[in-house]
Amino acid sequence: MNSAIPNAADFYRVLPELIWCVFGLLAMFMQAFVRSRHFFTALAFVGTLAGTAASWAAFHNAGSGFYGLVRSDAFSFFFHLLVGAVAVLVVLVAAGYLDRERLPPAEFYALLLFATAGMGVLASAQELLTAFIGLEMSSISSYILAGYRRDSLKSSESAMKYFLLGSFATAFFLYGIALVYGSTGTTVLERMAGADPGSTLLKLGLAMILIGLGFKVAAAPFQVWTPDVYEGAPTPVTALFSAGPKAAAFALLLRIFATVPAATHFWFWAFWVLAALTMFVGNLGAIVQTNIKRLLAYSSIAHAGYILVAFAAVTSMAQGGSAEAAPAYAAVLFYLLSYALMKVGAFTIVSQLGGAGEKNVSLDDYAGLSERQPVVAAMLSIYLLSLLGLPITAGFFGKFYIFKAAVNSHLLWLAVLMAINSIIGSYYYLRVIVVMYMREPSAEVAANGPVRFPLTVNLVVAITAIGTILFGVMPNPVINFILRPNLLGH
Amino acid sequence: MPTYPMLEYLWIIPLLPLLGSAVNGIFGAKWPNKIVNWVAIGSTGLSFLGALEAVREFFESGQALVHKEFFTWIAAGNFRAGFDLQMDQLTVVMVLVVTGVGWLIHIYATGYMAHEGGYYRFFSYLNLFMFFMLILVLAANYALLFVGWEGVGLSSYLLIGFYFLRKSAADAGKKAFIVNRIGDFGFMLGMFLLFRTFHTLDFVTLFNTVAKLNWQPEAWGQFGTFTVAGLLLFMGACGKSAQLPLYVWLPDAMEGPTPVSALIHAATMVTAGVYVVTRSHILFTHSETALVVVGTVGCATAFFAATIGLAQTDIKKVLAYSTVSQLGYMFLACGVGAFGAGIFHLMTHAFFKALLFLAAGSVIHAIGGEQDMRKMGGLGKKIKYTYSTMLIATLAIAGAPLFAGFFSKDAILYAAYVREGGMHPLYFVGLFTALLTSFYMFRLIFLTFHGKPRYDEKKVHVHESPWNMLGPLVVLAVLSIFGGWFALPAFFDKPDIFAEFLKPVFGGAEAAGEAAAHPSELVFAIIAVATALLGFLTAFWLYLRQPGKAESIAKSLGGLYTTVLNKYYVDEIYAALVVKPLLWVSTNVLWKTVDVAGIDGAVNGIAEGATAIGDGLRHTQSGNTRSYAVWVVIGAIVIIAVIFFWPSAGKPVLGMVR
Amino acid sequence: MVPTNYYVVLSAILFGLGVFAFVFKRNIITIFMSIELMLNAVNLAFVAFSQALGKLDGQVFVLFVIVVAAAEAAVGLGIIILIARNRQTLNVERVDLLKF
Amino acid sequence: MTPPLAVFFALAALAVIGAVSLILQKHPIHSALSLIVVMVAIAGLYLLMGAEFVAAVQIIVYGGAIMVLFVMVIMLLNAGVEEHTSLSKMAGAPGLLLVVALVGFVAATVARSAESVQGSPQMGALSPTSGISNMIFRDFVYPFELTSFLILVAILGATMLAQREKN
Amino acid sequence: MLSGGHLLSVVIFFPAVGALALLLLHGDDHKYIRIIALIVSVAEFLFSLLMLKGVPAGTAGYQLEEFAKWIHQPPINYHLGVDGISMFLVILTTFLTSISVLASWKNVEHRVKGFFVALLLLEVGVVGVFLSLDLFLFFLFWEVMLIPMALLIGIWGHERRVYAAVKFVLYTMAGSILMLVGIVWLYNATGTFDLPKIQETLAAGLLADQPRAEMLLFLAFFVAFAIKVPLFPLHTWLPDAHVEAPTAGSVMLAGVLLKMGTYGMIRFCLPLFPDASHRAARWVAVLAIIGIIYGALVAMVQPNLKKLVAYSSVSHLGFVVLGIFAFQNISMQGAVYQMLAHGISTGALFLLVGMLHDRRHTFEISEFGGLATPMPKLAAFFLFVALSSLGLPMLNGFVGEYLILLGTYQRHWGWASWAALGVILSACYLLWSYQRVFFGEITKEKNRALPDASTREKWILATMAVVTLWMGIGSVFITRRTAAATQTVIEQVEPQRPYEAAIPSGAAPWAANGAANTATAISAKSSELGK
């Protein structure tokens, strides 16, 4: 432990988190003085955006900071941008939503900002306890956000479930940390590099950590909470959940691989099994859903499964950070990006079409949508097709890179399982499209005419849709960035 | 201007009818019958003249085989099928018969069809037929021949089904086409085999290859290229020329207008099979087996059809079966290697059978559409011309001396007898068939023209046909008398012009049959005449002397008679054995079971299975936090179990293939 | 001197009892307590290890954990109050509106 | 056996008994009290291990603040005896088996492998407490700052959730 | 390697531009939408004709190539090229699209704009499939084409349209996703997606020592294509899709989409995995033959006219597959020709069926009968098309079938003989249905006053008829240009093993070495036959 006090560079490296937190504070305190919703929207927007922008600063001062607790590098930069962007979009979506549902804006944005900060910490943490704190920041805020519609039974219930199970899993995670600490004498990832892979204690500890994170990324059989929470939570929050925390948790997992070889030794088969289970559970579960939020929840489970396939590919490469694993990393990163885009977009539309109190979230409410609101239907179809993995969408490339990674590390059967699953998946995504384009709406559905989309929401839809197509046609910039050799700073 | 313009532009001959057909087909609907007539008759007539001119030039050019390549029709790899026409002696005969008889029948049809609807349609089809038939006989390779082959099938389909409002007609047309297709199946395979062996379908090249490279003939029971190819081609011929077992379509084909029956189902198309066999005689002469099969099938058909002919009461049906029987004769000739005789009979038969049909048509026309001979009788006095011409034709077919049929049939029977290699049974069967032939023909004559009228004379007032119908009758009558004198048997010690003429085509092949101009041929001639006479007398006795005797005999025969009357129930048997089972299997097994229940069922089953599993899964999602906790515990156990107990977990895994 | 693994085993047992309690108690508050129990177990492990390793950071972690626990407690109890208000029950099994 | 060992066993027994009674008690308030017992016992173990600062915090924050919070909430909602429903099929016999399996395995593994853990068993020059403060404010200053935000979140959330609807 | 401008890009993307133009139009001035759609499609057709200049007859290899880097990692390139085979398929596509636009002039009434947009986008996808030389690009177009087709079926189709649409997509996806795995695998093996490069690498014997891998790869591709073709027993999506699709949809489906499968076999399965192809040939041929006969028999008993035509496609495409897997130049030529011919004649059949449906709103044969009386012209056209479809010489259907059978016979007489049964059966079901629909007295009063073909319909049908006739007589115009391409494929697939070995046992003794190609061989055989 060097004895120098933290210098400026250290603070640059965590600038995004700081900015997010500060703006969170601002939002908290301002609520006492300002009533206007627009003010808080603007504040949150600026805050999230500023924080996201600040990750440039962090990137330019790459390196590890705060005595090796955090590291800022291309990898963390990517994830900061990702979670930041998600936060920005969610702010825009929430603006209209909170207004419609008559919910206090200040706390919402504050929590959102803190949650984002927590994810940021996860993305750049180099030390398990810091990671734990970050995790808790995002989780606890998430619990509250899930229950943000206090008067709604579903919302509060989802908060409770998320909270209880979440902290249950956290306990496992923490226990894992304890054991790892016990066996290696440290919680700083880099210092574990030399840890003896044979140690039983380490094995158990890593297993526990995997359990904790597996819960966060909703890998089967830890996925149980996902559908309920996603359905109950306010839809913008759902959008956040599906994109943000998941990405952050995956980021931490990748970090661990990259720096702790022992992990790759122990985790390969675990990931193989988790991936297979998760894909099937997600897709099969989604087939029978009639509530669109729930359906998307299951689909996000399935996608977690696909990402886990890439993880299996990463782990099957003996040395986590080594060259041949790079494409697998790239696959994960690209997939998370595309996935965030389409999921946020889809949930945005769902939240807007939901109407006051989120009444219209069943598939039947989407019948004949293409007649009532052709553009919306088209946009939603874009996201769905991208989720389905059709070419010229980002989703396709994501899937493609994962296939590539899997085949590349000889996981042929996993690839085949994934193929089968994408067929199952295509079935229910098509079902939604079919409903929108090919089914006649029932009388009362036809009665409630087109829902008007406020500017902010349109902005989100536009951004996500364009992004989905753009990265589907021109993935080069992203790919080139995430394929850089010094992705994780070594 | 080339020296032999017509040979140079041989394609004009078939093209003219095609044009006529097209013009009539497209514009005819709006035109009055007169113009349609002119187009139809004009086009065929011109192509007849063209044919004559071509033949003249052919002789003038010293009978050298003419082979013209006009354009390549299909080409792929080493395969080329050109639109090539050729003209040799055999072609000459066929072309003249086709165009000549065809033209006459066109003329006849203008009268016969005068009062029918769809007049233009009829002539358009008829011309189309002429086109394809000419292609068939002029073609210089099997592929192009096949064009004509299928084409005539098409036109006969159209013409048989001309009265498409009548289901029977439509059925008959369909039947004709499909049965022919069955034959074509063989024909195609034959072609493929030939191409596989010789890498060409061009007559000249192919036959020269066989001749030049002195291929050994195949002995009895040896299934080499020649045998198999020959039999396959013969299968096609059976379909086209209505031989056993594929003859069934021809009698039904009588649903078509009578001129059609005359032109297509008597004079020309049905003889295409014979033409193909003679055209590819070299294949057959190289295969004992093939020859025997051809001869036997022909002979059997001849007899079989004749027996059915005995009992028919529909005037056209009688003629139809007689056609089948006569075609049998022709194949018999080919079978015994007397290809020349076969062609010769083909020609004469074209004359008198066409005449018979036309006359029959004239009768039907006269009596107002009645075809049942039991409702005729005593017409002889009312329609003299028709009667006399038909009588001539009957004499010809029955083989009365000096009539056309006499010479041709005689030649065949003689050839059958002298052919070495145990062909005598064929001769005797043929002879007996001759007896039957003359019997049922005279039966027809007597029932129709003699005795007292059995139709209601008040309703029907019988009238002679117009001259545009009688004209052709007369011409054909003349031909049926003198047409046979081209090939005088040896005992006339005059040169056998016909055989001489065809020799370049058949060459040595003929030797077997025509070689020894044997005085004993006279004996055979006398025997033949005697049998014919016997047949005549029987008919005379049964149907003029003792009317009603026939019925009693029929009754005494009982089952046998009804069987014959019902054509041995062949159609019924086919229906029961082939058609119905096929439909049943297709519907209930293939479609309903395999397709819908089986494959589709499986596919939908998978889908439903997935849904069911999904439904099961979502019920683990009980909504109860405690069970969720248990799931988390399960997950924990799974992970720990995998990490600790999975085989090969924890070992370095680089390069492991899963 | 007490061997380290005594402590660690004890922590494991307590942790296990926590899991057990979480699964088998029905009252939300009690369930939440069982989480606290698990965290305590973890803390015990931390301290034991830090003592064994002769490093202090283990104890530091304990402090952090306690803080986090406090935070969680605040939020958790908030949520519990919310549920109690919305559902008039503290039985977790009665709170299953979201299912399937 | 040596005195420390005896103390250890005494406290351990106390802790386990507390935990078990937490499970067995029907009334939340009793469970809460038994949890406090556990915490006190653990604090005792900390002392036994010479981590007196942690022990103190344990007593004050946990046993004091947090558990008081619990008790207060229980009172506030005057939660009665927990009713005996068993709607969850999973959390019956199968759950029991699974949990036992898990616990058993973890405990066993740890028992087998924990003695491998040792380093230099002296606490370094400075006393634990000052050492701790050093670490908190230097090495772990970043997470420490973060925890402050965490607390904020907690406050925010608690107020936000617990407050009655304005309208 | 870059020669001759960007014609191919234009041909691919021009319809997309047209679609954009349509999107700009106001949704309900149907007249202009139709007119513009027509103009675009016809212009597209003319563009595609320009390729005839670019692909001189008798030159092997790809012409008019276009190459541009697209994605760096993995290296995916925008690589287009055309040869004799793909050129005519593209022309067929553009031609049929124009026809479809005309055919949907009247009978598409709601969501007109969407309809024509979908149609044009479909064209983009299909043309792209035929022209891409980069596996990835190929797959991309292959998938993209799905959605417009599914929409065509699902929105403008008949009663059970949704079921049919979903079934169609799922079937195709099931195949194509496996193909994607195959493609990725190939990439891992060869390090490129570029078809010619992969071709070279594999030809160099990359998979020579691992037959299992090659077979799996072969299957990954083949199954995808077989589903598209469709090859028995993967065909059950076809009847539903055809019956439920609107006329234009059926025309495109039967005319073009099915060909994508057979095209894929020619372009990928055979050249890339010759050994596997040879090992699989026997089974594929069996399936193809089953398909031929099975399809015909099932078609024969269909009470639904459109379904009948659909099943007839199964039968006809069986011929194509057989021709491809006979590995004979002749049969391969035949297969290519049959693809085009089938596109025209079956397309025309669907048009006619659609016209009947426009008049009577049913496909049930029992509802018709005696239609020749009220609508002689339609009847005449129908007969003409039916004849071409049952392979009457001098019409397009014959050339393909004949060459296929002829070529196949050179390889294996048994296959050819069984397949030839299809020739008989096709006559059966077509003529029988024709009789039931058009011949006889009128049975339903409704049918008495049905209008005959309108001027528009007459023009459509006349065009088809002319093409049919032309293809039946002037086939050389096409075969001359496809010859080189097919020859290349044969050379790529054959050298793996000598011809003799390729003849499965069961070839008749009298045909043992029928392919020997010289007079000496013949004379040699003559002596042998003499014995």
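Residues E:N329 and B:F79 fail the side-chain proximity criterion, which asks for heavy atoms closer than 4.5 Å. Side-chain atoms of E:W432 and B:L583, non-hydrogen and from C-beta on, do get closer than 4.5 Å to each other. Using a 4.5 Å heavy-atom threshold, the side chains of E:F232 and B:I599 count as touching. At a threshold of 4.5 Å between non-hydrogen side-chain atoms, the residues E:T479 and B:I74 do not count as touching. B:V603 has its side chain within reach of E:Y171: a pair of non-hydrogen atoms, C-beta onward, lies under 4.5 Å apart. The side-chain heavy atoms of E:L383 and B:L158, taken from C-beta on, include a pair separated by under 4.5 Å.
E:Q410 and B:F195 make their closest contact through NE2-CD2, 3.5 Å (heavy atoms, listed as atom of the first residue, atom of the second, distance). A pairwise comparison of heavy atoms in E:V301 and B:S586 identifies CG1-CB, 3.7 Å as the closest pair.
Using a 4.5 Å cut-off between heavy atoms, E:M300 touches chain B through its side chain atoms alone. Only the side chain of B:F83 comes within contact range of chain E, with at least one heavy atom under 4.5 Å from a heavy atom of that chain. Of the atoms belonging to B:L590, heavy atoms from both backbone and side chain fall under 4.5 Å from chain E. The contact between E:L387 and chain B is made entirely by side chain atoms (from C-beta outward), counting heavy-atom distances below 4.5 Å. Heavy atoms of B:I135 lying under 4.5 Å from chain E are absent altogether. In this structure, chain B has heavy atoms under 4.5 Å from both the backbone and the side chain of E:E441. Contacts of E:A483 with chain B are absent, with no heavy-atom separation under 4.5 Å from either backbone or side chain. The part of B:F177 that comes within reach of chain E is its side chain, from C-beta onward, which places non-hydrogen atoms under 4.5 angstrom from that chain. Neither the backbone nor the side chain of E:F477 comes within contact range of chain B, judged by heavy atoms closer than 4.5 Å. In this structure, chain B has heavy atoms under 4.5 Å from both the backbone and the side chain of E:L405.
Contact count versus chain E (heavy atoms, under 4.5 Å) is highest, among B:I178, B:D600, B:N604, for B:D600. Contact count versus chain E (heavy atoms, under 4.5 Å) is highest, among B:G77, B:A170, B:G173, B:A607, for B:A170. Taking chain B as the reference chain and counting heavy-atom pairs below 4.5 Å, the highest number among E:L390, E:I478, E:D240 is found for E:L390.
Of the possible polar contacts, one joining the B:W73 side chain to the E:G472 backbone as a donor-acceptor pair under 3.5 Å is found. The backbone N or O of B:R196 sits nowhere less than 3.5 Å from a side-chain atom of E:Y409 that would complete a donor-acceptor pair.
Using cut-offs of 30° and 60° on the angle between ring planes, the pair B:F164 and E:F439 is parallel.
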Between side-chain atoms of residues 397-404 of chain E and protein atoms elsewhere (two or more places apart, or another chain), which donor-acceptor pairs fall under 3.5 Å?
none

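Residue pairs that meet the salt bridge (Lys or Arg N to Asp or Glu O under 4.0 Å) test with at least one member in residues 141-169 of chain B, sequence neighbours left out, are B:E150-B:R181, B:R166-B:E255, B:K167-B:D171.
Summarising the geometry, atom CD1 belonging to E:I330 is positioned 4.5 Å from atom CG belonging to B:N78; distances are rounded to the nearest 0.5 Å.
Atom CH2 of E:W418 sits in a sparse spot, with 12 or fewer heavy atoms from other residues, nucleotides or ligands closer than 6.0 Å.
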